[in-house]
Amino acid sequence: MITYLEAIRLAQQKALATDPRVFLYGQDIGNFGGAFKATKNLSKEFPGRVFDAPLSEDAIVGMAIGAAIEGMRPIVEMQFADFSTCGLNQIVNHAATLYYRTGVPCPIVVRLPSGGTSGGGPFHSQSMEALYAHYPGLVVLTPATVEDAYTMLFDAVGLDDPVIFCEHKFLYNHLKADSLPETSLPIGKARLARTGRDATIVTHGAMLHESLAAVTELAEDGFEIEIVDLRSVKPLDTDTVLASVARTGRLLCVSEEWPWGGVTAEVIARVSSEGFGLLDVAPMRVNAKDTPVPYHPDLWSVHRPTASTIAAAARRLLLS
Amino acid sequence: MPKTSAAVTQADYIKAYRIMLLSRVLEEKLASLYRAGMIKGGVFLGRGQEALSVSVGTHLHRGDIFAPLIRDQAGRLAFGDTVLDTLRTYLGSQLGSMRGRDGNIHRGRPRDGYYAMISHLGAMIPAVSGALFARRLKGESGVVGATCIGDGGTSTGAFHEGLNAAAVEKLPLIVVVANNQYAYSTPNSRQYACEDLLDKAAGYGVTGHKADGTNLLDCLQTLRLAVRNAREGGGPQLVVADLLRLVGHGEHDDGQYVDPKLKASPLGGDCLALAEHHILEQGWATAEEHAAWRREVESEVNSTADRVRREPTPDPEEDDWAALSCPEYREHYATS
């Protein structure tokens with residue numbers, strides 16, 4: 001069985017093996033293999049192409065930008081998505097503006113081990129996809145399956161534009177697949193994770209699995225709920241979302257992010273402005289609570305959306 | 001290695017001086033266009049810093065990397081930037097390298113190793129380092145990269161992270177600090193507490209060089225040595241040149257906060273006037289020849305400005321408004 005984490009490692013291995021322009025740069029990713037072992041053995045397998053970096057997120061991303069201008073395809077690892085704020089300036093003001101300003105693309109991939117795990121606490125748990133999606137010039141990916149983690153990371157390396165790759169830590173070890181596909185849906189296309197007729201849940205990342213559990217529970221009561229796994233939050237596949245809402249008339253958006261200005265807000269804004277007539281009732285959303293992510297497992301398990309809070313919201317939506 | 005081993009010939013000196021003169025005349029034109037309301041954004045001049053700046057650009061080769069900062073018109077011209085593209089960028093010509101999408105000193109041609117600075121100070125240090133890292137991975141040697149910063153920029157986290165990372169990788173990077181005594185209005189006494197910015201070199205484990213920023217010969221010798229060290233594998237070089245900014249932060253600023261004692265001190269010397277004096281004193285040119293040099297650059301600058309003012313400005317209807325290079329990943333927002 002291949003875990004989500006191993007899929008990420010294998011995607012980097014394949015990128016290194018197939019493209020001499022690829023190199024890896026990040027903290028502890030060399031001999032140590034990374035804080036999560038996403039680069040385990042890669043420095044041995046690819047000598048001179050996997051580099052430990054100083055504890056300098058700004059310099060890590062800045063170095064990647066310069067290397068990309070010179071024709072390389074760097075993949076950089078932020079040890080935790082939360083620490084990418086220390087490299088934020090290079091990401092949003094340098095990488096993201098380069099093509100528009102100069103006409104020169106900036107093909108870097110910034111891997112963000114994202115999202116909450118039990119005991120992670122305020123600074124090792126954040127979901128930052130909406131923050132990066134806000135800035136023009138970035139592609140922001142949120143794989144929710146082992147297969148997508150593999151194909152989307154490999155595809156991201158081939159993109160000429162900067163990619164923020166939000167890989168979810170909660171999925172690292174317990175999500176498994178029998179095998180890995182060579183190809184998948186293209187980046188920017190959402191996937192119907194489940195079909196249904198009564199309501200649409202739009203989600204991404206680890207919340208796909210909470211939503212699937214919620215929908216399984218609701219199926220026992222006879223509700224058939226469709227789930228759209230966005231896969232990519234920027235670009236956001238509005239067409240697939242609207243097509244689903246056209247079938248169901250009801251929309252629930254679920255995200256582990258904080259609510260203000262997040263992916264749920266964007267999806268609801270798009271459906272409301274472009275597909276208002278498709279909605280039978282007001283759209284709803286479920287997000288994390290609007291506080292820092294708490295440390296204690298009892299607090300954390302309530303801070304983020306779960307199958308039961310998603311199911312409860314879906315029941316309200318279905319009965320309204 | 002002593003600076004005097006970096007022999008600077010009369011021809012080197014005069015070549016550098018004439019670029020400084022071109023830079024000064026071009027910047028005078030920019031100031032005049034600004035006062036006439038012809039430039040929409042800010043104008044940031046390098047008056048008093050030309051000797052240092054030209055010394056950076058003139059020691060770089062084609063194939064090297066250069067990321068100048070805001071007061072590096074002279075270094076830009078020495079590295080291959082043109083009067084035409086400078087004016088196009090300031091005046092917002094559609095034909096300029098930035099096509100109206102960015103302006104003034106935020107210009108470059110990254111494909112030619114001439115990087116377009118972002119405003120966030122220190123950010124270009126890791127970018128140039130990454131470029132040099134890439135060249136090394138590609139097996140290229142003998143390449144150097146240089147980037148410029150001011151006293152204020154040395155206080156940023158990016159400066160620290162960038163120089164440290166470059167030192168760890170022993171990259172052929174030259175970081176040039178124009179210690180011009182003020183970061184906008186903030187004097188050095190409120191900027192750093194070490195005795196001399198050069199002290200930072202030891203902290204990062206890089207070679208430090210001090211230059212008199214008012215003295216063209218000293219700047220040329222210092223940069224020649226620093227660039228040679230980097231090119232020959234000596235790792236990052238930190239050059240600190242003391243001088244005084246002889247203009248406001250930008251043309252909107254009269255710089256009234258500058259201490260008159262500094263202006264009257266040797267730091268307040270105008271490097272261009274001092275170099276002109278040196279050339280005349282050495283008999284390398286007559287006053288008439290010098291006057292002809294000035295007329296030549298004034299003519300080039302004025303005719304280029306006239307030409308650029310007739311060029312088209314960007315058309316909002318024609319801009320593709322695309323921040324991504326891959327068309328298939330661009331978002332399309334419903335606007336009505």
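All values reported here derive from a predicted model rather than from experimental measurement. Throughout, protein chains are lettered first and strands after them, A, B, ... in sequence-line order, and every chain is numbered starting at 1. The basis for the numbers below is simple: all heavy atoms, side chains too, and nothing from hydrogens, waters or symmetry mates.
For chain B, the nearby part of A/Pro54 is the side chain; its heavy atoms alone come within less than 4.5 Å. Residue contact with chain A, scored on non-hydrogen atoms closer than 4.5 Å, involves the backbone and the side chain of B/Ser129 alike. Neither the backbone nor the side chain of A/Tyr135 comes within contact range of chain B; no heavy atom of the residue lies under 4.5 Å from a heavy atom of that chain. Contacts of A/Leu236 with chain B are made by both backbone and side-chain atoms, with heavy-atom separations under 4.5 Å. Contacts between B/Leu324 and chain A at a heavy-atom distance below 4.5 Å involve backbone atoms as well as side-chain atoms. Proximity to chain B (any heavy atom under 4.5 Å) is shown, for A/Arg21, by neither the backbone nor the side chain.
Listed options B/Gly162, B/Gly100, B/Ala123 were ranked by heavy-atom pairs under 4.5 angstrom with chain A; first place goes to B/Ala123. Per-residue heavy-atom pair counts under 4.5 Å with chain B were compared for A/Val104, A/Leu55, A/Asn93, A/Val61, and the maximum is reached by A/Asn93. Highest contact tally toward chain B, considering only A/Ile60, A/Thr102, A/Ile65, is held by A/Thr102 [criterion: heavy-atom pairs under 4.5 Å]. Contact tally against chain B (heavy-atom pairs below 4.5 Å) for A/Thr97, A/Ile187, A/Val139, A/Leu138: the top residue is A/Ile187. With chain A as partner, the option from B/His106, B/His332, B/Lys138 having the largest number of non-hydrogen pairs under 4.5 angstrom is B/Lys138. Most heavy-atom pairs under 4.5 Å with chain B: of the set A/Gln90, A/Glu274, A/Arg101, A/Arg270, this distinction falls to A/Arg101. When the candidates B/Leu132, B/Leu163, B/Ile65, B/Asp319 are compared by the number of heavy-atom contacts under 4.5 Å with chain A, B/Asp319 comes out ahead. Looking only at heavy-atom pairs under 4.5 Å with chain B, the residue among A/Gly103, A/Cys86, A/Ala64, A/Pro235 that has the most is A/Pro235.
In this structure, the side chain of B/Asp85 does not engage the main chain of B/Thr82 through any donor-acceptor pair within 3.5 Å. A donor-acceptor pair under 3.5 Å is formed between the side chain of B/Arg99 and the backbone N or O of A/Tyr100. A donor-acceptor pair under 3.5 Å is absent between the side-chain atoms of B/Arg135 and the main chain of B/Val143, judged by distance alone.
B/Arg101 has a carboxylate O that lies under 4.0 Å from a charged side-chain N of B/Asp320, or vice versa, which qualifies the two as a salt bridge. Ionic pairing of A/Lys189 and A/Asp237 is not present here: no N-O contact between side-chain nitrogen and carboxylate oxygen is shorter than 4.0 angstrom.
In this structure, A/Tyr25 and B/Phe133 have tilted ring planes: the angle between them lies in the 30° to 60° band. The aromatic rings of A/Phe51 and A/Phe23 sit perpendicular, their planes meeting at an angle over 60°, well past the 30° parallel limit.
A donor-acceptor contact closer than 3.5 angstrom is absent between the side chains of B/Gln191 and B/Asp151.
Each of B/Asp81, B/Asp102, B/Asp72, B/Asp112 was compared with B/Arg107 under the salt bridge (Lys or Arg N to Asp or Glu O under 4.0 Å) criterion, and only B/Asp81 meets it.
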